[in-house]
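Structure, as structure tokens:
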Protein chains: 2
Amino acid sequence: MSIEALTEADDGPRSKRPAILAAAVECFGEVGYEATKWSEVADRVGIGQTALYHYFESKAHCLLTIMRLGLRNSDAAFREATAGAPSSSHALRAAVEAAYALSPQEVQQNRILQSNIALLANERASRREETERQACRELVAQVEHNWAELLERGMAAGEFPRRDPQMMARSLLGLVVGVWRWYRPGGPLELRTISDFITGCCVRMVAGREPDAG
Amino acid sequence: MSIEALTEADDGPRSKRPAILAAAVECFGEVGYEATKWSEVADRVGIGQTALYHYFESKAHCLLTIMRLGLRNSDAAFREATAGAPSSSHALRAAVEAAYALSPQEVQQNRILQSNIALLANERASRREETERQACRELVAQVEHNWAELLERGMAAGEFPRRDPQMMARSLLGLVVGVWRWYRPGGPLELRTISDFITGCCVRMVAGREPDAG
DNA sequence: AATCAAACTGAACTCAGCTCAGTTTTGAGC
DNA sequence: GCTCAAAACTGAGCTGAGTTCAGTTTGATT
């Protein structure tokens with residue numbers, strides 16, 4: 001299991017933060033945030049329950065951190081994938097493919113993000129949780145902005161028909177991340193197959209002209 | 001607030017079940033399932049906390065009931081909307097439009113369904129909860145089947161290019177229900193505007209031919 | 001060895017969800 | 001009007017996951 005997707009700069013060498021996050025991703029991904037016992041996470045890491053509070057203010061704080069890191073990775077992956085694209089159509093394809101170029105652990109992380117996105121709507125009582133929440137909201141806005149900007153460029157270049165870029169960005173994102181609701185690693189469908197299929201859908205949605213009503 | 005979307009045949013005239021469900025929809029929709037106190041629901045209905053257990057086995061049982069009724073309504077709306085459609089293209093448009101022809105309360109209900117869909121993945125400990133979960137899963141499968149069948153008909157008739165109907169059905173559903181993640185009644189965008197936009201996206205996705213790479 | 005911060009622990013607290021044992025309300029049938 | 005059963009409801013108390021606290025251990029540095 002790759003640990004770097006859950007590591008941050010300010011983690012010391014003795015820190016169990018990444019290990020806790022990895023264990024929490026497993027638990028939250030398998031049985032859901034609410035159903036996982038916080039103590040189960042501690043057991044998997046091999047520490048007492050109270051040691052968790054050395055690293056996280058609460059179970060929710062841990063979840064919000066997982067979500068923020070997932071969003072951070074999505075943002076970075078988008079930028080890297082679309083950086084040198086020769087056209088907006090190529091950039092669009094690259095962006096969708098990048099969204100599915102993930103390890104099983106990162107898939108879990110994305111499912112968790114998707115399942116608990118509603119958590120970002122309401123204010124949090126504690127300061128550290130609220131800080132993470134705000135960071136998540138900004139990253140969500142950033143990711144939406146990335147897609148909207150790609151679309152705007154394509155429309156300006158005449159590659160894509162003119163349509164509301166923000167709504168289109170949100171629709172694309174809904175289509176792309178909606179997959180995490182039903183995809184399971186090891187299931188009947190390969191991620192590669194899904195990626196190709198969704199890429200086609202996105203391209204038709206964005207670049208396609210309205211066919212005549214039949 | 002319409003109450004019929006939350007009523008069932010076996011509710012007697014004195015039953016507060018629909019009222020509890022309506023209050024729960026408000027609470028769960030506003031602050032989320034986890035953050036709402038079960039006692040807050042009781043307060044809104046005007047009964048003691050323990051009276052809730054006369055109608056529901058648990059808070060989760062109430063949530064699962066809300067989800068099942070939402071799915072039941074979606075299934076019914078799809079059938080009604082597509083029943084007399086002269087072509088698969090018309091049926092597709094009608095199905096998408098029907099998915100957005102909802103009262104604000106039903107919008108909340110759909111948001112709740114969407115937010116807690118992961119709850120359906122894992123078995124429930126108690127029998128009544130498990131029964132509701134199974135019913136939800138069957139309805140989800142039914143709704144997916146409805147869409148897939150519509151697509152298959154259109155492909156057989158030559159209206160839509162041949163593509164995997166199940167994946168396409170799931171993609172359409174992801175696109176359609178993804179809206180509930182960001183749409184809020186009273187927000188800047190009218191539901192009618194969103195409905196038209198998403199309808200266009202769906203039609204291009206399903207009926208559109210792959211444009212040449214640009 | 002002394003020191004200090006990071007890492008950790010066991011016991012106890014909190015409070016939302018829930019159980020239980022019993023009471024009140026309602027409507028149908030005499 | 002009275003009886004009775006079922007539905008509707010209640011207050012007191014239990015339960016357990018999340019959390020706090022006061023103190024201990026570990027390990028790198030000097």
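Hydrogens, waters and symmetry mates play no part in the numbers below; they use all other heavy atoms, side chains included. What you see is a predicted model; the values in this text were computed from it and never measured.
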Rounded to whole Å, please give me the gap between [atom1] in [X] and [atom2] in [N].
| X | N | atom1 | atom2 | answer |
| --- | --- | --- | --- | --- |
| B:E57 | C:dC20 | CD | P | 12 Å |
| B:D43 | D:dT10 | CG | P | 11 Å |
| B:K37 | C:dC15 | NZ | P | 9 Å |
| B:Y55 | C:dC18 | OH | P | 18 Å |
| B:K59 | D:dG16 | NZ | C1' | 15 Å |
| B:R17 | D:dA7 | CZ | P | 13 Å |

Got a donor-acceptor contact below 3.5 angstrom from the [X] side chain to the [Y] backbone?
| X | Y | value |
| --- | --- | --- |
| A:R72 | A:L139 | no |
| B:N110 | B:E106 | yes |
| B:R163 | B:V206 | yes |
| A:Y100 | A:V176 | yes |
| A:K59 | A:Y33 | yes |
| B:Y55 | B:C62 | no |
| B:E130 | B:E123 | no |
| B:R137 | B:L120 | yes |
| B:Q109 | B:I66 | yes |

Discussion item. Expected output is a numbered-order residue list: members of residues 44-54 of chain B with a heavy atom under 4.0 Å from any atom of DNA chain C. What is it?
Written reply: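 The answer is B:T50, B:Y53.
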Discussion item. At a heavy-atom distance below 4.0 Å, what parts of residues 118-136 of chain A sit against DNA chain C?
Written reply: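 Contacting residues: none.
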Discussion item. As a test of reading the structure: which of C:dC18, C:dG17, D:dT19 is closest to the side chain of A:W38, going by heavy atoms?
Written reply: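 Closest nucleotide among those given: D:dT19.
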Worksheet item: For A:E30, does the CD atom sit with more than 12 other heavy atoms under 6.0 Å from it, leaving out its own atoms?
Response: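 Counting other residues, nucleotides and ligands, CD of A:E30 exceeds 12 neighbours.
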Atom pairs, N/O to N/O, protein against nucleotides 24-28 of chain C, distance under 3.5 Å?
from, atom 1, to, atom 2, distance (Å)
C:dT26, O4', B:R14, NH1, 3.2

Fill in: Partner of B:T65 by side-chain hydrogen bond (donor to acceptor under 3.5 Å, both in side chains), out of B:E129, B:E132, B:R17, B:R128
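Checked B:E129, B:E132, B:R17, B:R128 against B:T65; only one passes side-chain hydrogen bond (donor to acceptor under 3.5 Å, both in side chains): B:E132.
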